[in-house]
Each structure stands twice: as C-alpha cells, then as structure tokens.
Amino acid sequence: MPLFNPADSTSHAITLEGVVFPAGSKVEFQKESLWTEHPVSAVAPHPINAGSLRIRSLDKQRDSTLSVGLATAQSIEGWTCSAAQPAYFSVGRGANGGPSTWRLSSCRLIDGVRQAGSSWPAGTIVSRTIENSIEKWLVSWPGNSASPETWCNETLTVDGYKLSSFFGSYDKQHRLETWDGTACRRRANGQDDYVRIEKLGPHRFKETKVSAVD
C-alpha cells in the first residue's frame, strides 16, 4: 500500500500534473517503493500559472480528480469560480503524448455573480455531468431547504419564481433546460404555503405543496 510522506518545503522546483511549483513549495510525496516516490500535492509560496489559471495549490485525489486552490476568482469554461473553495478538475491525456488537459468538474460560483440568466446567491455550486450520453452542467443552490421556517427568505428568481432552493440542468452553452426548487407563498392572512416547483420543459411547470403553516 503506498505511503505518504508529510508535506515539506522543497529546495528545488517540482512538477505536478504539468504544473511547475517553485522551490519553497510544500509538497507531499507518495512513496511507491523504498527508492521511488512521486508528488501528489503541492502548495506554492505565491500564485503560479497552471495553463490559463492562476493557482496556489494542487492536490491529486485517489480517483485522479484534481483539487485546485485558485489564487483568485476567475472564469473557467464560462463560469466564474470562487477562490473561497477548491475547484475540481478531471484530467484528460493529450493526444500523441501531448500535455494533459484539465476539464472543470465543479466549483463554487462567486457570491452574487450574474451568469446563465440569474444572479447566484452564496453557496451556489456548478458541476459537469452526463445525462443520456449528453454533457450538461448542473447548478445547485441548496439554500435553507432543510429549515422550512426560513423558506420565505427568497433570494433567487428563476423563470419569474422566487425560490429558496434551486437545482437546474443547463446545456453546454449554459442555457437552462429543466429545474426544480422550493418556494414560499405568503397568504393574505400572513400564513405561508411551501411549494416545490419543477420545470418540465418550455413553459411547463409542476407545483406540489410541501407543507403549510396553519
């Protein structure tokens, strides 16, 4: 079973997944045998370039996914990813032995950014997925869906609905296709109805009452 040596500052530059980390970086190595080891994570002493990205850290996960600490918020495949949490990438090997390619798997969007027709609240996550062999993007904002008493604190509007949680499917061009979310509707007497709303297709919506405060 491979062993991991604790991260330590290097006296020379090392390369991890095609990214050169300078001397002084904190690097963790995976030991394959008594004589061989290779880097699996690194934290640079300052922002460095990784292709078109500016990053601070890189961690190769067991499934070969890359966890990347961005140096600043930046646009990746059309989504403005926050530096507050790691962004995740899948790795594809380059053709004819060329350099590997990184594809965004998921990231947290910066708070309040307007993209794909909506202004996204704090905590919104975008992720790549495959549905029926078609590549899509999923945008999820769980909001306060676990606490019905807070559902009336709506902060997101989609298709004219004021929502307190949202899970949407977008095509590769970031066009919204289907979604579902929760909403609060306040009655004239001040009481609230809680509703799940599903967009099934163009101009087709399904509403289901979840619970009510009586």
_Give me each pair satisfying ring pair (Phe, Tyr, Trp, His ring centres under 6.0 Å) with a member in residues 107-130, each pair once, sequence neighbours excluded._
Trp120-Phe166

Atom pairs and distances, donor-acceptor, side-chain atoms in residues 44-55, under 3.5 Å, two or more places apart:
from  : atom 1 : to    : atom 2 : distance (Å)
Asn49 : OD1    : Arg54 : NH1    : 2.9

*Okay, side chain of Glu207, backbone of Val195: is any donor-acceptor separation there less than 3.5 Å?*
no

*Could I get the full list of ring-ring contact (aromatic ring centres under 6.0 Å, His included) partners for Tyr161, not counting sequence neighbours?*
Trp179, Phe205

_Gln85: which residues meet the side-chain hydrogen bond (donor to acceptor under 3.5 Å, both in side chains) condition with it, sequence neighbours left out?_
none

*Residues in side-chain contact (heavy atoms from CB on, under 4.5 Å) with Ala116, at least two apart?*
Trp79, Tyr170, His174

*asked:* List the residues meeting side-chain contact (heavy atoms from CB on, under 4.5 Å) with Leu138, not counting sequence neighbours, and say none if there are none.
replied: Ser127, Thr129, Glu131, Ser169

*Are Val126 and Cys107 close enough that some pair of their side-chain heavy atoms sits under 4.5 Å apart?*
yes

_Residues Thr10 and Ser25: side-chain donor-acceptor under 3.5 angstrom_ = no

*Just jot down the side-chain hydrogen bond (donor to acceptor under 3.5 Å, both in side chains) partners of Gln74, sequence neighbours excluded, or say none.*
none

*Please name all residues satisfying side-chain contact (heavy atoms from CB on, under 4.5 Å) with Thr65, sequence neighbours left out, ordered by chain then number.*
Gln61, Asp63, Tyr88

*Same apolar cluster (I L V M F W Y, side chains within < 4.5 Å links), Leu58/Val91*: yes

_Cys81 vs Leu104 side-chain heavy atoms within contact, under 4.5 Å_ = yes

*Arg175: side-chain contact (heavy atoms from CB on, under 4.5 Å) partners, not counting sequence neighbours*: Asp171, Gln173

_List the residues meeting salt bridge (Lys or Arg N to Asp or Glu O under 4.0 Å) with Glu135, not counting sequence neighbours, and say none if there are none._
Arg103, Arg128

